[in-house]
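The structure appears below as structure tokens.
Quick note on labels: first sequence line is chain A, next is B, and so on, each numbered from 1.
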6 protein chains.
Amino acid sequence: MRPSGRTPDQMREVSITRHFTKHAEGSVLVAFGDTQVICTASVEDRVPPFLKGKGQGWVTAEYGMLPRSTNTRMARESSRGKQSGRTLEIQRLIGRSLRAVIDLQALGERTITLDCDVIQADGGTRTASISGAYVALCDAIGNLRSSGKLATDPVHGQLASVSVGIYRGTPVLDLDYAEDSQAETDMNVVMNDAGAFIEVQGTAEGHAFHLQELNAMLALADSGIRQIMAVQQATLDN
Amino acid sequence: MRPSGRTPDQMREVSITRHFTKHAEGSVLVAFGDTQVICTASVEDRVPPFLKGKGQGWVTAEYGMLPRSTNTRMARESSRGKQSGRTLEIQRLIGRSLRAVIDLQALGERTITLDCDVIQADGGTRTASISGAYVALCDAIGNLRSSGKLATDPVHGQLASVSVGIYRGTPVLDLDYAEDSQAETDMNVVMNDAGAFIEVQGTAEGHAFHLQELNAMLALADSGIRQIMAVQQATLDN
Amino acid sequence: MRPSGRTPDQMREVSITRHFTKHAEGSVLVAFGDTQVICTASVEDRVPPFLKGKGQGWVTAEYGMLPRSTNTRMARESSRGKQSGRTLEIQRLIGRSLRAVIDLQALGERTITLDCDVIQADGGTRTASISGAYVALCDAIGNLRSSGKLATDPVHGQLASVSVGIYRGTPVLDLDYAEDSQAETDMNVVMNDAGAFIEVQGTAEGHAFHLQELNAMLALADSGIRQIMAVQQATLDN
Amino acid sequence: MRPSGRTPDQMREVSITRHFTKHAEGSVLVAFGDTQVICTASVEDRVPPFLKGKGQGWVTAEYGMLPRSTNTRMARESSRGKQSGRTLEIQRLIGRSLRAVIDLQALGERTITLDCDVIQADGGTRTASISGAYVALCDAIGNLRSSGKLATDPVHGQLASVSVGIYRGTPVLDLDYAEDSQAETDMNVVMNDAGAFIEVQGTAEGHAFHLQELNAMLALADSGIRQIMAVQQATLDN
Amino acid sequence: MRPSGRTPDQMREVSITRHFTKHAEGSVLVAFGDTQVICTASVEDRVPPFLKGKGQGWVTAEYGMLPRSTNTRMARESSRGKQSGRTLEIQRLIGRSLRAVIDLQALGERTITLDCDVIQADGGTRTASISGAYVALCDAIGNLRSSGKLATDPVHGQLASVSVGIYRGTPVLDLDYAEDSQAETDMNVVMNDAGAFIEVQGTAEGHAFHLQELNAMLALADSGIRQIMAVQQATLDN
Amino acid sequence: MRPSGRTPDQMREVSITRHFTKHAEGSVLVAFGDTQVICTASVEDRVPPFLKGKGQGWVTAEYGMLPRSTNTRMARESSRGKQSGRTLEIQRLIGRSLRAVIDLQALGERTITLDCDVIQADGGTRTASISGAYVALCDAIGNLRSSGKLATDPVHGQLASVSVGIYRGTPVLDLDYAEDSQAETDMNVVMNDAGAFIEVQGTAEGHAFHLQELNAMLALADSGIRQIMAVQQATLDN
């Protein structure tokens with residue numbers, strides 16, 4: 001039995017609220033159950049030094065958690081003077097994933113930065129961030145297109161992400177914190193709308209996992225990601 | 001005429017939403033018009049080194065802005081590796097102000113940290129932070145009292161804060177960003193419910209201000225702070 | 001009775017020694033009693049990035065304390081790897097104040113940096129710094145003018161600063177450390193020679209202060225600042 | 001055709017040299033072709049703060065690259081003042097992997113730190129590091145056991161790691177730099193001697209990968225890891 | 001001919017002013033010509049972690065330059081966030097030198113920190129710092145002894161330092177900046193009152209130096225150090 | 001008797017292995033007995049900002065120790081966030097020494113960076129680094145010359161370095177760690193092939209040293225350096 005009473009293949013309620021704050025070119029609040037993340041997309045007319053003069057753009061991400069988004073207060077990273085390895089790992093994952101569905105040549109010499117800031121954490125903050133950032137990215141691109149700055153749409157695929165894992169011997173979908181902290185295996189999956197994988201990151205926490213367990217988890221992920229994509233699509237169509 | 005169409009002595013709409021996130025002992029979303037700040041109060045059963053063994057508690061604050069809370073994206077302070085002078089100045093102000101209405105002996109050997117994170121900025125983020133943090137602090141204290149950890153209430157006064165300034169020659173209350181960026185004088189005032197001053201910080205931006213201008217601004221601040229205190233009280237009574 | 005035996009409206013002896021060190025374009029040693037600060041003004045023919053190409057100059061300040069300028073040794077900020085919030089707050093105050101009396105357009109594309117380094121602290125280091133930095137700035141400007149680099153004088157006002165406070169219930173002028181560490185209220189005031197305010201920063205340390213107390217302190221400040229301005233003027237006329 | 005002329009399922013030559021340096025409790029030089037990493041295991045009789053008094057040990061890893069281990073010189077991380085996200089990500093992976101085959105209770109209140117320093121890089125530095133660190137860890141444990149400090153062997157499994165990927169449409173084993181920099185998909189796999197997965201980290205670089213491609217890569221990884229384990233075993237038996 | 005008109009074996013005027021600031025246990029202003037350094041000695045009743053419980057004391061030094069002690073303004077190290085290699089090198093030299101004339105066992109579990117802050121630089125700041133710090137150290141020890149905290153004098157030798165070099169082919173004593181910046185060889189020498197060497201640091205700037213040049217420079221250093229020791233002694237006897 | 005059984009004037013075995021790693025323009029492994037250092041020379045077609053447009057090149061060095069190159073593990077400097085004073089001091093020494101034998105004008109607008117990374121330490125790491133870096137530098141220059149990028153050889157002298165000291169009252173050559181940690185005096189000497197000094201850095205650890213001791217140590221250094229130069233020459237001739 002899952003702590004939340006969900007069935008093994010049951011997602012938490014997913015919601016994505018567009019136009020959550022007013023300044024960013026794209027801004028959403030994404031919720032996977034009690035996990036809530038503000039994702040903003042900021043467009044700047046410049047590229048990082050390593051891309052200067054190459055006629056292409058860049059998409060990158062930064063991730064943060066409010067100090068009391070978690071059960072016990074965490075030290076503020078700006079005050080500690082550096083970002084943790086976990087933070088850097090997550091923001092690299094978000095940026096890399098989003099770059100997989102965008103044509104950087106078509107974007108032109110612009111940078112879009114996705115800021116994913118967790119205001120309440122209950123497991124799955126990185127998968128919620130990726131799923132919400134996709135919508136914020138689409139809104140930012142939409143702004144560029146409606147203002148005539150982009151002739152073609154550089155987004156060539158839809159993308160979402162979910163976590164799966166093995167909890168008390170059973171493969172489960174979309175782990176909340178109660179499960180995540182006790183899961184034997186934890187896996188984050190990013191897929192596109194063609195059903196192909198963009199990222200698969202599986203870690204044995206308690207015991208090593210076998211191929212059939214891996215495949216069972218991937219099947220759950222596929223199902224969850226389709227549901228998230230439906231929410232993304234409904235939100236964007238709204 | 002003010003850019004917002006407000007009269008000189010008119011506050012923006014102030015709202016304070018309690019229990020905004022679920023983990024913190026106190027958590028509010030405070031809005032002064034379009035300025036929105038999440039204020040959480042976190043209670044920890046330890047004190048900073050300089051207070052160890054002195055039988056008293058501590059109240060402190062940290063302040064941050066989401067990178068795209070502002071009109072153009074700001075670099076993330078955790079990524080830059082340090083907090084700006086402005087950030088440090090504001091968080092020192094918030095902490096100092098709140099310590100003025102709490103009896104640290106009565107609090108016992110505990111630290112309450114007020115985290116004020118701006119999710120949308122439109123002027124007055126520090127005054128909104130102080131005003132919201134007061135409510136979060138009261139909720140954290142309420143939790144300690146209802147759980148029997150505190151026999152007496154260490155909060156011995158109510159406190160709120162507002163900005164005033166001189167905009168195009170006229171003293172005005174509660175400046176938004178459009179006014180703030182062009183004001184000749186900008187002043188942040190923190191007062192208690194006895195009508196006395198806890199902090200007065202006035203800065204001539206364009207031209208130096210005279211005593212009667214100072215007094216006119218302080219009268220506006222007094223009026224605004226009474227209105228904010230009414231919202232605080234209504235929220236806490238709810 | 002004040003610890004120093006001074007009357008409530010009595011300043012400490014103020015002295016300003018010009019040409020204190022030989023390399024800087026302006027260099028003074030300012031003393032407010034036992035508080036001693038070296039203020040140098042350095043002229044550089046460049047402006048910070050945010051002002052490039054705007055045809056104007058910049059005036060900024062940095063502040064530091066020698067590790068043993070204080071009663072107990074403080075850790076060196078360069079060794080700790082960062083400046084404290086207090087340091088940043090003070091240097092922002094000094095720079096902002098001096099910019100209030102200088103026409104940055106008339107200065108041309110130059111930066112003048114005021115370095116205020118406390119060699120002995122006994123309260124009032126920031127007000128002594130501002131008052132001394134003004135003289136160093138005048139000397140640097142004088143050098144630019146006498147060498148023909150500046151056609152007109154960009155300094156359009158005189159400025160000085162003093163602290164006031166409430167010590168054992170009485171408003172007092174120019175607090176030394178013994179008073180400052182026990183004052184109920186502490187206020188730093190920067191005024192120009194027209195008697196108008198450039199900065200007013202008042203903080204209730206022990207109990208909140210009332211409007212008539214504020215006004216009594218401001219009157220003391222006005223009197224003290226006039227005395228400091230007389231010393232500045234005499235020094236510059238010398 | 002692979003740039004090296006290898007067949008798709010062909011490993012580079014793997015060698016592990018024990019007792020490579022003299023001070024560490026375990027010290028090996030591991031080579032996967034031209035990729036060379038020094039892995040040392042250091043035993044210390046203390047644990048990190050979060051484990052104090054819990055009666056268990058800790059295994060952790062740090063990773064670095066000599067500035068000119070790569071084709072063009074990289075800035076030294078100690079000189080830049082921080083470790084890159086990539087470095088932190090890799091050392092977290094190495095530590096997490098090794099903890100999966102050691103009983104931290106049985107280790108007692110000790111920390112074993114695996115330092116993996118790349119002296120020459122040609123792709124696969126993290127998988128070589130994990131595979132070499134396992135041997136260094138075994139030697140450090142062997143030292144503890146032979147000196148009578150450990151009654152039982154806390155290592156409960158063997159572990160190795162290899163990269164796989166899709167290069168020009170074909171799944172290939174153990175990518176060198178020439179392949180890695182052009183691969184469409186890159187996956188790092190850590191497995192134990194029971195053939196189960198400890199880590200699976202797959203990233204689509206060019207195009208998203210399908211389930212059958214994932215499974216083909218995992219089969220290659222399984223084969224490569226068995227070969228590396230044979231080298232580890234032969235080295236340890238020597 | 002030397003730029004200053006001095007003869008090759010002529011020191012600049014050396015002066016040492018005791019009790020220069022009021023808080024430190026020892027405080028001197030040392031001048032070697034236009035080079036001026038404030039040296040304070042601070043006594044603290046604790047030792048660094050590596051000496052805890054060993055029944056001995058520690059003597060250490062820190063060095064800094066005011067930003068405009070030099071001809072062109074240097075960035076403040078606290079603002080840059082780290083001390084330069086030159087700064088660290090100099091403060092290590094000062095601390096090491098002073099430890100050579102003090103019995104750390106006899107000092108007891110105390111740390112004496114020598115802060116050497118250059119307020120005006122004209123070559124030889126490190127040798128002036130060492131020579132002045134010795135007097136500040138003696139004063140701090142004197143305070144400990146007169147207050148009955150130290151039964152015996154831990155200082156077992158006198159120490160001073162001077163620079164020598166080869167300027168336009170001639171060995172010269174006590175280089176000022178004009179010479180130092182053009183010298184072919186630069187050597188800093190620290191000696192005790194027995195005429196033995198504590199530190200010899202010679203660097204070929206332009207051309208390598210021969211043994212007889214080395215010996216000529218050491219003879220000059222010996223002569224200069226005797227003169228500085230006479231000033232130290234006269235100052236301390238005063 | 002020396003711990004190693006060597007006679008006072010006996011060097012440890014010195015070996016220099018060229019082409020130790022494959023990417024760098026020069027790469028050697030230098031060993032002085034058990035002290036082993038990888039020295040690479042990297043050529044880049046740019047100069048530091050302070051040399052831009054001056055038509056000359058630059059030679060600089062960086063130094064590091066693997067965390068477990070020493071008897072007990074040292075914290076990794078990249079993880080601590082800064083290089084120690086010792087590290088900075090050593091890398092400044094290496095760079096300065098090598099610049100003494102190269103004509104920076106003849107090098108052209110290029111930077112050669114010597115990275116000296118200690119993989120096993122047993123005393124004398126800085127002198128081994130300098131001696132090995134010279135060979136790596138020659139190889140990098142050789143590459144530039146053979147590829148036609150340099151018409152003339154900018155290296156105008158040979159250079160090597162050794163430590164000498166006084167151990168139990170006797171001057172000894174090339175101290176290993178057992179001696180170094182107990183020596184009364186420690187001196188590092190860098191000389192060129194004309195028998196002249198480039199650096200002399202002598203430190204009294206236990207008791208101050210006299211002129212005749214200094215001269216005895218310099219004679220030992222001269223003898224040792226000639227032996228190292230023979231190894232360098234043989235290696236380069238190979």
- Query: Looking at L211(D), L93(D), L218(D), D222(D), which has the largest count of heavy-atom pairs under 4.5 Å with chain A?
  - Reply: L211(D)
- Pick from T203(D), L214(D), V101(D) with the largest number of heavy-atom pairs that fall under 4.5 Å of chain A: T203(D)
- Which one, R92(A), M191(A), R96(A), H210(A), leads in non-hydrogen pairs under 4.5 Å with chain D? R92(A)
- Note on the structure: Counting heavy-atom pairs under 4.5 Å with chain D, the top scorer among G202(A), A194(A), G195(A) is G202(A)
- Gap separating the CD atom of E89(D) from the CZ atom of R86(A), nearest 0.5 angstrom: 13.0 Å
- Note on the structure: Value for NZ (K82(A)) from CG (L88(D)), rounded to nearest 0.5 Å, stands at 7.5 Å
- Okay, N215(A) and chain D: the region with an atom under 4.5 Å from a heavy atom over there is side chain
- When rounded to the nearest 0.5 angstrom, what is the spacing between OG1 in T185(A) and CD in E199(D)? 10.0 Å
